[in-house]
Amino acid sequence: MTQEPILAIDSLSISFDTRRAEIPAVMDFSVSVQPGEAMGLVGESGCGKSTVALGIMRDLGRNGRIAGGTIRFKGRDMAEMSEAELRRIRGNEIAMIYQEPMASLNPAMKVGRQLMEVPMIHEGVTAEEARARALKMLDDVKLPDPARILDSYPHQLSGGQQQRIVIAMALMSKPALLILDEPTTALDVTVEAAIVELIRDLGRKYGTAMLFISHNLGLVLETCDRICVMYSGEAVETGTVAEVFDTMRHPYTQALFRAIPLPGADKTARPLQAIPGNFPLPHQRPPGCNFGPRCSYFEAGRCDAQAIPMQDVRPGHATRCLRAEEIDWTAEPEAEAETEARTPGKVVLSVEKLKKYYEAGANALFGGETQVVKANEALTFEARESETLAIVGESGCGKSTLAKMLMGLETATEGRILLDGREIQDLPVADRDGGLLGDLQMVFQNPFDTLNPSIPVGRQIIRALELFGYGASDAERRERMLTLLDLVKLPRDFAERMPRQLSGGQKQRVGIARAFAGGARIVVADEPVSALDVSVQAAVTDLLMEIQKREKTTLIFISHDLSLVRYLADRVLVMYLGHVVELGTVEEVFAPPYHPYTEALLSAVPIADTSVEKERIVLEGELPSATNPPPGCPFQTRCRWKAQVAGDRCATELPEMRRFGAHQIRCHLAPEVLTDMPPVLRHAAD
Amino acid sequence: MEPLSWGAIAARILLQFLPVWIALAATFGLSWVYRAKLGLYGKLFDNRIGLIGLFLTLFWVYTALAAGLFDWIATHDPLTAVSGMKNKVPGTPLRGAEDGDFPYYLLGGDGLARDVFSRMVAGSWIVVQIAPLATLFAFMAGITLGLPAGYFGGRLDSVLTFAANLILAFPVILLFYLLVTPEIVASGLPAYLSAGLFLLPLVFLGLLINARARTNPRRRWMLLAVMLLPLGWAYLSLISAQGSALDLLPAALDLFDVPGGILVVFVSVIFVNAPTVFRLTRGLTLDLKTRDYVAAAQTRGEGPWYIMLWEILPNARGPLIVDFCLRIGYTTILLGTLGFFGLGLPPDSPDWGTTINAGRKLLSIFPHPAIAPAVALLSLVLGLNLLADGLREESLKD
């Protein structure tokens with residue numbers, strides 16, 4: 001390539017000094033970004049991808065330093081620049097966008113002032129000029145009513161709008177390089193899809209080079225030209241997106257792809273393959289190849305003999321694997337013994353017209369005006385024994401409220417929850433007996449929050465057993481606790497450990513063990529793997545399904561990750577603004593006829609498969625507030641099919657469930673229109 | 001005999017503190033060896049500020065223990081006047097010293113011819129007896145009210161927070177003066193207040209055990225009985241005094257009597273500190289109750305008090321420990337203030353506040369009787385503040 005790269009990193013090493021020793025966070029890392037190119041940096045948490053970004057910005061904190069290598073920006077070595085020069089470059093020529101939009105905006109300053117600051121500081125333009133530019137930029141990031149937004153404070157905007165502001169702020173100075181550190185991880189899928197589309201368009205329009213840091217392979221496929229896969233502080237594979245996705249040449253990349261649920265994955269025929277073992281801690285890296293101990297192609301005496309250099313597979317595609325030429329990369333993974341499909345049994349849980357309204361806003365002592373939050377509206381569904389029912393929807397759709405009502409943390413406003421024919425909707429958790437408590441348990445979302453950090457792991461499980469009335473003596477409960485640890489495949493001596501000594505995946509396993517302690521018949525799993533890394537996700541998902549099969553548990557799986565839902569669920573319930581908008585088996589929900597919202601959701605999910613083509617549907621507008629939902633159909637404000645319904649029925653009348661056999665869709669569209677919808681996902685080969 | 005030179009005074013004082021030096025050396029040596037296993041306390045040894053704080057704090061704690069329990073360190077009786085020693089400068093030889101008497105007033109004599117050095121050392125014993133205990137009671141009261149306020153929220157929270165704000169808005173010194181006014185004492189208000197405030201720790205411990213052992217009724221009643229019967233007796237002995245407003249126990253059963261003045265000191269310290277602890281605990285609870293492990297405890301059917309005391313409180317310990325250190329310092333100052341105004345403690349008490357007040361009158365001519373206790377008070381509070389700083393810094397690191 002003749003063009004000079006915007007950013008050229010050559011054998012960069014970054015270390016952090018800690019009390020114990022110097023810890024290398026990034027080692028021998030080389031990457032270059034050409035003008036107008038989008039480079040994806042992918043890896044699991046702790047692999048050093050954010051450290052690279054901070055290294056480029058030279059913002060490593062007090063104990064971090066660049067231990068070796070060079071970073072060249074537009075051909076100039078950044079190590080030779082003075083503090084003043086670096087300051088001029090940061091935010092002007094290199095801009096950075098972080099994960100949490102609210103943390104990047106000053107909450108005490110109006111959005112307009114924050115945007116105007118950028119050109120005023122870096123280019124010294126007048127306030128009027130800066131304001132004009134800010135208005136234009138807001139238009140570019142497709143924010144409605146820019147003048148009003150300029151006069152708002154950040155907290156008055158939604159998460160998606162805030163992230164658009166952050167992007168606008170980054171682009172205000174027309175930077176040569178834009179670093180995006182997980183820019184959409186904190187956002188909902190449909191919002192994420194809109195932001196990703198925006199980033200891609202803006203990149204094209206302004207010709208900005210981008211370094212896109214993400215853990216999500218699907219997102220990188222949608223946004224980037226080239227990709228660099230990192231593992232434990234090293235780049236292990238770089239190349240164009242198509243090369244790396246279709247002809248990967250590093251075992252770690254291959255393992256990653258086998259661990260994520262792609263549309264072809266099938267829970268019975270081809271289960272996800274978790275990567276065995278754990279991510280090595282920075283000060284406990286193995287000799288030779290870092291991935292060696294977890295690699296199925298590992299060759300003792302060779303892979304662990306010396307440091308492995310990056311080598312080219314072909315020009316522009318390099319891998320850090322000695323055996324790249326020897327491995328048969330097309331071989332299918334060894335199929336595990338095909339597991340029997342579960343057959344759902346009788347109905348255990350049925351929910352009828354369940355409704356939950358909250359009152360909010362009044363002061364307890366002095367009173368005041370109350371507002372009603374309509375969290376759930378007339379939910380009706382059933383769940384059978386050993387069935388997985390997925391509840392899908394974005395934040396604010398009421399899925400967590402539903403979980404709380406099932407668990408008895410909230411009582412219903414109206415309607416019924418029947419467990420084996422017994423009404424439990426008015427039975428708060430404090431009034432439930434040990435049997436009922438043990439029957440209905442929950443797995444929580446955040447692994448770092450699910451266990452009490454002050455109590456040893458074993459003790460927490462034993463306490464649950466005590467409350468469920470299990471066993472007559474302490475010894476008996478202890479024995480049961482140990483078998484539960486076996487069940488979730490944790491070593492028995494973990495019982496004595498404190499939660500902080502466990503990794504995220506291990507904590508989640510303890511959480512699962514605790515949920516199944518009382519022989520739970522219904523387990524509500526609220527996004528149980530969304531906070532885990534890809535490779536661990538697969539292991540925890542498989543574990544959950546395995547236990548479910550053995551115990552014939554009904555699993556109510558709350559998730560926003562449609563790929564995962566498609567992989568593990570039997571039936572899917574789609575929620576929007578407190579309503580059930582679609583209910584059916586996985587096959588029915590993931591194929592036409594769709595509810596218009598389901599269609600948009602499906603389109604929004606990034607898929608890490610180059611052979612899948614997606615119909616692009618970007619939802620306009622914001623999610624309406626649950627205190628003031630729109631009349632008629634809850635989705636009518638954002639629906640792209642609204643024009644096809646005669647009159648203004650969508651705006652006035654709540655649609656009835658339209659039935660296609662057992663498949664239900666809450667929509668006014670004529671059945672023929674629904675069935676004739678084009679599928680959102682297509683295999684290129686089809 | 002000649003008066004001692006300043007160098008000789010310093011040397012003799014250092015020698016006098018020998019038991020403290022030995023104890024400090026032993027503590028620091030052992031802690032240094034085992035620091036890797038000592039958690040947050042061990043990490044303190046990597047923090048210079050925290051280490052200085054620990055040194056100062058432990059210095060006064062060991063001094064108090066040596067002086068209070070073994071009668072070491074102090075050279076004379078802190079309450080006895082020796083004729084001819086009135087307002088003598090530091091290092092003055094003792095007039096008419098007999099065999100076995102320490103031959104000097106190391107830091108001179110005060111306005112009533114008592115040994116300043118010994119009074120300073122004896123004063124530390126009063127501080128160490130009262131300040132941590134009073135602060136502990138304040139914490140138990142603040143925690144017992146703060147946890148439910150934060151956890152349940154709603155009207156209970158509004159009422160309790162409003163009450164805490166009321167107390168915080170009341171001038172502290174005025175409150176103390178009111179509490180020791182004879183008319184108010186006669187009305188029994190301090191006694192009733194103390195009865196209420198001292199009950200909270202009992203409630204706290206009772207709830208703690210009850211919540212934990214709820215699943216096993218036999219163990220629950222046994223533990224409750226073992227714990228609460230002696231404590232209840234101690235409580236009744238504490239609050240009842242013959243002839244006072246609360247004369248509950250017959251004299252034969254009354255284990256001990258706390259002088260009314262000390263009780264007032266306790267009540268005021270708790271009264272002033274508890275609302276702040278309440279607010280801290282309430283805030284921490286509001287944050288911690290949204291954690292998944294709290295929801296997990298709820299879904300397995302735990303009662304609210306188990307969740308508050310065993311799920312939330314242990315995880316709030318970091319900020320509470322730091323605040324505890326700081327608050328002992330404030331309490332020490334508060335004791336000084338009370339002593340300075342002559343509230344609560346007997347007028348000849350060697351506590352630092354009283355001593356400073358007594359030395360104040362001739363400050364321009366004879367500064368030494370006031371300076372010694374002032375430096376002592378300052379160094380202890382400084383030590384506690386530095387210790388709190390060190391703990392906070394270390395607890396925030398990884």
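Naming convention: chains lettered A, B, ... in sequence-line order (proteins, then strands); numbering from 1 in each chain.
- Chain B forms the most heavy-atom pairs under 4.5 Å with one residue out of Thr450(A), Asp431(A), Leu436(A), and that residue is Thr450(A).
- Contacts with chain B were tallied for Gln445(A), Gln441(A), Gln460(A), Met407(A); Gln441(A) has the most, counting heavy-atom pairs under 4.5 Å.
- Taking both residues in full, the closest heavy atoms of Thr299(B) and Val429(A) are given as CA-CG2, 3.9 Å, listed atom of the first, atom of the second, then distance.
- Interface summary for chain B: among Asp433(A), Val443(A), Leu451(A), Asp526(A), the most heavy-atom pairs under 4.5 angstrom belong to Leu451(A).
- Asp474(A) touches chain B through its side chain: at least one heavy atom from C-beta onward sits under 4.5 Å away, while N, CA, C and O do not.
- Looking at Leu409(A), the atoms closer than 4.5 Å to chain B (heavy atoms on both sides) all sit in the side chain, from C-beta outward.
- When heavy atoms are compared at a cutoff of 4.5 Å, Ile455(A) approaches chain B solely by way of its side chain, counted from C-beta outward.
- Under a cut-off of 6.0 angstrom, the local environment of CZ in Phe170(B) is crowded, with over 12 non-hydrogen atoms contributed by other residues, nucleotides or ligands.
- Interface remark: Ala295(B) contributes backbone and side-chain atoms alike to the contact with chain A (heavy atom separation under 4.5 Å).
- Minimum heavy-atom separation, Arg463(A) to Arg212(B): NH1-O, 2.7 Å.
- With a 4.5 angstrom heavy-atom cutoff, Asp46(B) touches chain A only via side-chain atoms.
- Looking only at heavy-atom pairs under 4.5 Å with chain B, the residue among Ala515(A), Pro428(A), Ser454(A) that has the most is Ser454(A).
- No more than 12 heavy atoms of other residues, nucleotides or ligands sit less than 6.0 Å from atom CZ of Arg219(B).
- If you measure heavy-atom distances from Phe468(A) to chain B, the contacts under 4.5 Å come from the side chain alone.
- By a heavy-atom distance cut of under 4.5 Å, Arg291(B), Asp292(B), Tyr293(B) are the residues of residues 273-294 of chain B near chain A, going up by number.
- By a heavy-atom distance cut of under 4.5 Å, Trp310(B), Glu311(B), Pro314(B), Asn315(B), Arg317(B) are the residues of residues 309-328 of chain B near chain A, going up by number.
- Nearest heavy atoms, Arg300(B) versus Ala464(A): CD-CA, 3.6 Å.
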